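Heads up, the thing below is written out as structure tokens.
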Amino acid sequence: MGAGVALGGYDALSRALGVDGLVRTGDGVRNGGLRLSRAELLDAAARLEAASGPSPDAEEAGALTFLHYAAADAAAEGGDSAGAVRERAAARAMAVKTLAAAPTRADVSLALAELRFLDGKDRGEIVRPLLLSYETAPRELWIIERRIGLGLRLAATAGPDLMPHIIADIRTLGEPFRSTDYYRELAVAAWRAGPYAVALVGRELAPEPLSFFNRDLGQLAARPPSP
């Protein structure tokens with residue numbers, strides 16, 4: 001999730017600003033700049049749900065999506081599989097509410113696709129929100145950086161509705177003269193997705209980024225990344 005913050009940072013932000021602070025907390029978790037404990041994530045979600053009531057607006061529901069999603073990740077990391085399932089279900093429900101009110105939220109539609117993938121849903125249930133993310137944010141780098149992981153995992157069996165979008169994300173992230181950090185992210189995503197994804201990315205890159213990609217693959221072979 002990126003750099004951590006002092007534990008008091010969450011409390012000061014959310015308590016000082018009320019609902020707006022809690023929404024910002026969810027946005028910070030989404031963007032990776034705010035690292036909270038599982039207890040803090042659950043507390044923020046519970047307080048935002050209490051403040052927003054049964055009909056949260058799109059911003060509130062979007063923030064709740066990412067608070068519950070992060071809490072699911074924290075539960076899984078802590079070995080609480082039942083808690084992870086419960087929090088993913090809550091995140092999915094909030095994602096659906098968000099998209100009903102704000103159907104162009106590419107970050108939330110991507111989160112919904114990821115959540116359905118993690119829970120082993122049918123491919124159609126995964127692809128529908130993923131396509132919405134591709135169509136509403138085709139070149140937003142901060143979304144592509146996250147989306148490339150799921151796209152490459154689906155690439156080996158992708159049809160003509162999905163494959164052009166996956167390739168477009170590869171080419172956008174791997175454009176020549178971009179930061180080598182992006183090439184590293186491509187390498188990690190392809191490595192995790194498997195041989196087909198590695199070959200696909202290699203085929204789509206220009207010579208300069210390809211050289212960095214191949215270098216990074218060699219480093220990953222020597223020292224695989226954490227899951």
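Because the structure is predicted, anything quoted here is derived from the model rather than measured.
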- Assess whether side-chain contact (heavy atoms from CB on, under 4.5 Å) is satisfied between R184 and F213, documenting all intermediate values. CA-CA 6 Å; R184 173 75 179 185; F213 176 75; over 6 Å; no
- Message: With a 4.5 Å cut-off on side-chain heavy atoms, are P129 and R116 touching?
- Response: yes
- Does the pair R105/D107 count as a salt bridge with the N-to-O cut at 4.0 Å? yes
- Atom CE of M94 and atom CG of L99: how far apart are they, to the nearest 0.5 Å? 13.0 Å
- Query: Should I148 and L220 be regarded as members of a common hydrophobic cluster, given that ILVMFWY residues are connected when their side-chain heavy atoms come within less than 4.5 Å of each other, either directly or indirectly?
  - Reply: yes
- Message: Minimum heavy-atom separation for I143 and S133, please, with both atom names.
- Response: CG2-OG, 3.9 Å
- Note on the structure: For S109 and L132 the tightest heavy-atom approach is CB-CD2, 3.8 Å
- Query: Atom NE2 in H165, atom CG in L154: separation rounded to 0.5 Å?
  - Reply: 13.0 Å
- Query: Taking NZ, NE, NH1 and NH2 as the nitrogens, is one of them in D169 or R139 under 4.0 Å from a carboxylate oxygen of the other?
  - Reply: no
- Query: Taking it one step at a time, do F212 and L205 satisfy side-chain contact (heavy atoms from CB on, under 4.5 Å)?
  - Reply: CA-CA 10 Å; F212 286 102; L205 293 182; over 6 Å; no
- Give, for atom OH of Y134 and atom CZ of R147, the distance between the pair rounded to the nearest 0.5 Å. 6.0 Å
- Query: Minimum heavy-atom separation for A158 to I166, with atom names?
  - Reply: CB-CD1, 4.0 Å
- CD of E87 to NE2 of H68: how many Å apart, nearest 0.5 Å? 5.5 Å
- Verify the distance criterion only: is there a donor paired with an acceptor across the side chains of E114 and Y69 at less than 3.5 Å? yes
- Message: Between D20 and R24 (salt bridge meaning N to carboxylate O under 4.0 Å), is one present in this structure?
- Response: no
- For the student: nearest non-hydrogen atoms of P224 and W191, plus distance: CB-NE1, 4.2 Å
- May I ask you to test the L67-R30 pair for a side-chain heavy-atom distance under 4.5 Å? no
- Any chain of hydrophobic side-chain contacts (each under 4.5 Å) joining I144 to L162? yes
- Look at the side-chain heavy atoms of Ile, Leu, Val, Met, Phe, Trp and Tyr, link any pair under 4.5 Å apart, and say whether L150 and F66 land in one connected group. no
- Step by step, would you call I126 with L112 a side-chain contact (heavy atoms from CB on, under 4.5 Å)? CA-CA 8 Å; I126 300 165; L112 181 57; over 6 Å; no
- Message: Return the CD to CG distance between E59 and L48, rounded to the nearest 0.5 Å.
- Response: 11.0 Å
- For the residue pair A111 and T65, what are the closest heavy atoms and their distance? CB-CG2, 4.3 Å
- Check the pair R35, V29 against side-chain contact (heavy atoms from CB on, under 4.5 Å), reporting the backbone distance first and the verdict last. CA-CA 7 Å; R35 180 178 293 173; V29 168; over 6 Å; no
- Are D80 and R38 close enough for a salt bridge, meaning some N to O gap below 4.0 Å? yes
- Message: Under 4.5 Å between side-chain heavy atoms, counting indirect links through other Ile/Leu/Val/Met/Phe/Trp/Tyr residues: same cluster for V127 and L115 or not?
- Response: no
- Decide yes or no for W142 and R146: does some side-chain heavy atom of the first lie under 4.5 Å from some side-chain heavy atom of the second? no
- Any chain of hydrophobic side-chain contacts (each under 4.5 Å) joining V96 to F117? no
- Task: Measure the shortest side-chain to side-chain distance between T98 and L64 over non-hydrogen atoms and say whether it is less than 4.5 angstrom.
- Result: no
- Message: Just verifying a value: how many Å separate K97 NZ and E60 CD, rounded to the nearest 0.5 Å?
- Response: 11.0 Å
- Query: Counting only N and O atoms by type, is there a donor-acceptor contact under 3.5 Å from the side chain of T180 to the main-chain atoms of Y183?
  - Reply: no
- Query: Taking all atoms of both residues into account, what is the closest heavy-atom pair of A72 and R88, and its distance?
  - Reply: CB-CG, 3.5 Å
- Query: Is the shortest heavy-atom distance from the side chain of T172 to the side chain of I170 under 4.5 Å?
  - Reply: no
- Message: Within the 4.5 Å heavy-atom criterion, are D119 and R92 side-chain neighbours or not?
- Response: yes
